[in-house]
Amino acid sequence: MQLCDFERPATELAQQLLGCVLRHGTTAGMIVETEAYLGLNDLAAHASKGKTERTKVLFGPAGHAYVYFIYGMYECLNVVADREGSPGCVLIRALEPLSGLDLMYERRKWHGPPVGLANGPGKLTQALAITRKEYGARLDEGDLTVREWREKPQFEIATTPRIGITQCADWPLRFVWANHPCLSRRNS
DNA sequence: CAATAGATCATCT
DNA sequence: GATGATCTATTGC
C-alpha cells in the first residue's frame, strides 16, 4: 500500500486492513483482527492524553508504525491513520501465519497448532519480532510492510467492542474476519 | 470449563 | 508511585 492509502479515518482503515498481509523480514501473516483508536475524544486511546514522547508518531503522517511496550512484557503494533495532526490509529490484534512459521515457533517457544502463533496483540509482535526498534517505521516499503492482495479475499466483517480497556469499553471499534480460526481469545 | 495471580517496566502523575 | 490496548500458568468448581 502507498502511504496515502493509510490516510483515512481509523474506523475505515481498521476494516480495510483486514485481509491484508503484514510482513517483517521472512515472516508474514494475514491480518484478521483489528481495533480502531480515535484520538482526542477516545479516552481509551493513548493519544487522548495529548502529544508526548511516546505518542508523537500518532500525530504525524499516516502509514507509520506505532509500537509501544505494555505490562512490562509485551509490545503492541499499531498503524497510524488519519491526516497529519489527527492522531487516529489501528491496533493489529491477530494474524493468520502465512510464511516463516518455523521462525515464529522458535520466537514464541510455542508447541501447538499454527493458529496459536499470532492470535493476540502481544503474540504477533513476538512471532514477527516487532519491537520498539520499529517505532516510526514506514509501512509502505522496507523491512516491515502492509500489503494488499492483488485480489482482495472475500469475507464477512463482524464488529464488537474493544478488548482489554476500561474507558469507552462499549464502543464498537473492534473488527474481525467473522469466524476466522485465528482470532484472539473467544471468537465473535 | 471459568476465574485469578503473577510476571515486570516504560510512561505519566 | 500507580497503572496498563497482555499472556501464561495455576487454582477452583
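We name chains A, B, ... by the order of the sequence lines, and we start the count at 1 in each one.
When heavy atoms are screened at a 4.0 angstrom cut-off, A:Gly72 is found touching base atoms of the nucleic acid.
Aromatic stacking is not marked for A:Tyr68 over B:dA10, as the cut-offs of 5.5 Å for the centres and 30° for the planes do not both hold.
The NZ atom of A:Lys51 sits 18 Å away from the C1' atom of B:dT11 (whole-angstrom rounding). One interatomic measurement links the two molecules: CD1 of A:Ile70 to P of B:dC12, which rounds to 11 Å at whole-angstrom precision. Going from atom CD1 of A:Ile163 over to atom C1' of C:dT6 covers 11 Å, rounded to whole Å. Whole-Å rounding puts the A:Trp171 CH2 to C:dA5 P distance at 15 Å. Note: CZ (A:Arg185) to C1' (B:dA3) measures 13 Å, nearest angstrom. Atom CH2 of A:Trp110 is separated from atom C1' of C:dC7 by 11 Å (rounded to the nearest Å). If you take CD of A:Gln126 and C1' of B:dA7, they are 13 Å apart, rounded to a whole angstrom. Atom P of nucleotide C:dT6 and atom CZ of A:Phe69 are separated by 14 Å, given to the nearest angstrom.
When each of A:Thr55 and A:Met73 is assigned the nucleotide of DNA chain B with its nearest heavy atom, A:Met73 is the one assigned upstream, toward the 5' end.
In a base pair of the Watson-Crick type (N1 to N3 plus N6-O4 or O6-N4) or a G-U wobble (N1-O2 and O6-N3), with each distance short of 3.5 Å, B:dT8 is matched with no nucleotide. C:dA5 makes up no base pair with any nucleotide shown, lacking Watson-Crick or G-U wobble contacts both under 3.5 Å.
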Practice item. Take A:Met1 and A:Leu17 through the test side chain to side chain contact (heavy atoms under 4.5 Å, CB included) and record every step on the way to the result. Key: CA-CA 10 Å; A:Met1 304 213 296; A:Leu17 291 182; 3.6 Å; yes
Review point. Would A:Leu18 and A:Thr34 count as a side chain to side chain contact (heavy atoms under 4.5 Å, CB included) if you check the C-alpha gap in whole Å, the side-chain angles of each, and the deciding distance to 0.1 Å?
Key: CA-CA 7 Å; A:Leu18 292 176; A:Thr34 58; 4.0 Å; yes
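With C:dC7, C:dT6, B:dA7 as the choices, the nucleotide that has an atom nearest any side-chain atom of A:Lys123 turns out to be C:dC7. Side-chain proximity of A:Tyr74 to the nucleotides C:dT8, C:dA5, C:dT6 is greatest for C:dT6. The A:Asn78 side chain lies nearest to C:dA5 when the options are C:dT8, B:dA7, C:dA5. When each of B:dC12, C:dG4, B:dT8 is scored by its nearest atom to the side-chain atoms of A:Arg54, the top-ranked nucleotide is B:dC12.
Ion pairing between A:Arg93 and A:Glu35 holds under the 4.0 Å rule for side-chain N and carboxylate O.
Taking 4.0 angstrom as the limit, A:Thr52 places none of its side-chain polar atoms (N or O) nearer than this to OP1 or OP2 of B:dT11. Distances shorter than 4.0 Å separate none of the side-chain N or O atoms of A:Arg132 from OP1 or OP2 on B:dA10.
In the model, A:Arg23 has no side-chain atom that pairs as donor or acceptor with a side-chain atom of A:Thr145 under 3.5 Å.
A ring-centre distance under 6.0 Å is found for A:Tyr68 and A:His46.
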